[in-house]
Amino acid sequence: MTKSEQQLQELCDMGVMVVSCPDATTRKAVAFCDDFLVLGQLEGETDAHAVLTHEKWHYKLGAFYRHDAPYEQRCRAEAQVNRAALQELVPKCRLAALLRQGLSVSEVAETLDVPEAQIWEAWRFYRDTDDRFCTGED
């Protein structure tokens, strides 16, 4: 079972109905608070894994908002979900260990099966929230 299939199974186990409709939305996914998830155009297994993990955290945290909600409310919900998804996709200790081994960002992304952009996002997040992360003391 692939990582995206595992995420789909977890969403289904949570009672979320997942529908793929690549032409229906310009977004990669839209999570509705009534346990309905619409998937847009996903770009391969790595992208699907990252998107499904992100959307799963919307349901786990109950972090939903209307698309006409104030910008600050949307940002708070997305930040909360992004933190949780990043910590699942790119665990701090695993990232630190791979970087200490001398792997490049692309090699780390390939090892963890996530897009390179998420490696950079995780690195910045851990750097900004843990003074010891970049020192190798974690």
Side-chain angles (χ1 to χ4, degrees):
M1 182 179 278
T2 66
K3 290 181 179 182
S4 64
E5 290 170 337
Q6 290 171 350
Q7 295 299 342
L8 278 171
Q9 183 62 53
E10 193 169 339
L11 282 160
C12 288
D13 291 347
M14 294 167 62
V16 176
M17 178 182 284
V18 181
V19 176
S20 181
C21 196
D23 296 329
T25 178
T26 57
R27 297 175 173 268
K28 292 189 178 194
V30 179
F32 294 92
C33 63
D34 59 352
D35 296 333
F36 189 73
L37 174 62
V38 176
L39 297 179
Q41 185 67 43
L42 302 177
E43 301 166 15
E45 171 61 24
T46 298
D47 189 41
H49 173 224
V51 168
L52 289 166
T53 301
H54 175 93
E55 298 306 324
K56 175 185 74 178
W57 280 101
H58 274 287
Y59 292 100
K60 283 188 161 202
L61 297 170
F64 297 101
Y65 55 88
R66 292 173 45 105
H67 288 283
D68 61 352
Y71 178 74
E72 295 80 16
Q73 182 182 355
R74 294 189 320 247
C75 286
R76 274 193 305 276
E78 286 300 332
Q80 183 182 20
V81 168
N82 283 339
R83 280 191 303 272
L86 267 180
Q87 290 171 328
E88 179 179 337
L89 291 166
V90 187
K92 180 172 65 171
C93 292
R94 183 85 167 112
L95 175 60
L98 291 170
L99 292 174
R100 277 192 215 107
Q101 291 175 20
L103 272 64
S104 68
V105 170
S106 61
E107 291 169 326
V108 172
E110 187 176 323
T111 299
L112 297 177
D113 195 24
V114 298
E116 279 186 44
Q118 289 202 300
I119 300 301
W120 284 111
E121 189 176 345
W123 181 81
R124 283 189 297 273
F125 172 71
Y126 295 135
R127 177 201 64 195
D128 293 347
T129 59
D130 182 350
D131 293 337
R132 299 175 305 145
F133 179 69
C134 292
T135 65
E137 297 174 24
D138 54 10

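Values below: all heavy atoms of this structure, side chains included; hydrogens, waters and symmetry mates excluded.
The aromatic rings of Tyr65 and His67 sit perpendicular, their planes meeting at an angle over 60°, well past the 30° parallel limit.
Other residues, nucleotides and ligands contribute more than 12 heavy atoms inside 6.0 Å of the CE atom of Met14. Within 6.0 Å of atom CZ in Arg74, more than 12 heavy atoms from other residues, nucleotides or ligands are found, so the atom counts as buried in its surroundings.
Two different hydrophobic clusters hold Leu8 and Met1 under the rule that ILVMFWY side chains link at heavy-atom gaps under 4.5 Å.
Residue pairs meeting the side chain to side chain donor-acceptor pair (under 3.5 Å) criterion with at least one partner in residues 6-20, sequence neighbours excluded, are Gln7-Thr53, Gln7-Lys56, Gln7-Glu88, Gln9-Asp13, Glu10-Lys56, Glu10-Lys60.
Within the 4.5 Å cutoff, the side chain of Leu11 has heavy atoms near those of the Tyr59 side chain. Side-chain atoms of Leu39 and Lys28, non-hydrogen and from C-beta on, never get closer than 4.5 Å to each other. Thr2 has its side chain within reach of Glu5: a pair of non-hydrogen atoms, C-beta onward, lies under 4.5 Å apart.
Here the CD atom belonging to Gln101 is positioned 10.0 Å from the CD atom belonging to Glu107, to the nearest 0.5 angstrom. In this structure, Arg127 CZ and Leu95 CG are separated by 12.0 Å, a value rounded to the nearest 0.5 Å. Taken from OG1 in Thr129 to CD in Gln87, the straight-line distance is 7.5 Å, to the nearest 0.5 Å. To the nearest 0.5 angstrom, Ile119 atom CD1 is 5.0 Å from Leu112 atom CG. For the atom pair CG of Leu37 and SG of Cys12, the computed distance is 9.5 Å after rounding to the nearest 0.5 Å.
A distance-only check finds no donor-acceptor pair linking the side chain of Glu121 to the backbone of Gln118 [under 3.5 Å]. Between the side chain of His58 and the backbone N or O of Ala31 there is no donor-acceptor pair closer than 3.5 Å.
Listed by chain and number, the hydrophobic cluster partners of Leu61 are Trp57, Val81, where partners are ILVMFWY side chains within reach of under 4.5 Å, directly or through others.
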side-chain contact (heavy atoms from CB on, under 4.5 Å) between Val105 and Trp123, worked out
CA-CA 10 Å; Val105 170; Trp123 181 81; over 6 Å; no
Decide ring pair (Phe, Tyr, Trp, His ring centres under 6.0 Å) for Phe64 and Phe32; before the verdict, give the C-alpha distance in whole Å, the side-chain angles of both, and the deciding distance to 0.1 Å.
CA-CA 7 Å; Phe64 297 101; Phe32 294 92; 9.1 Å; no
Show the numbers, then the answer: is there a side-chain contact (heavy atoms from CB on, under 4.5 Å) between Leu103 and Thr111?
CA-CA 10 Å; Leu103 272 64; Thr111 299; 3.8 Å; yes
Decide side-chain contact (heavy atoms from CB on, under 4.5 Å) for Arg94 and Val90; before the verdict, give the C-alpha distance in whole Å, the side-chain angles of both, and the deciding distance to 0.1 Å.
CA-CA 7 Å; Arg94 183 85 167 112; Val90 187; over 6 Å; no
For Glu78 and His54, run side chain to side chain donor-acceptor pair (under 3.5 Å): C-alpha distance rounded to whole Å, both residues' side-chain angles, the deciding distance at 0.1 Å, then the answer.
CA-CA 9 Å; Glu78 286 300 332; His54 175 93; 2.9 Å; yes
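Here the closest non-hydrogen pair linking Val114 and Thr46 is C-CG2, 3.2 Å. Between Ser4 and Leu52, the shortest heavy-atom distance links the atoms O-CD1, 3.5 Å. Annotation for Val51 and Ala29: closest pair CG1-CB, 3.8 Å, computed over non-hydrogen atoms. In this structure, Ala50 and Pro115 approach most closely via the heavy-atom pair CB-CD, 3.8 Å.
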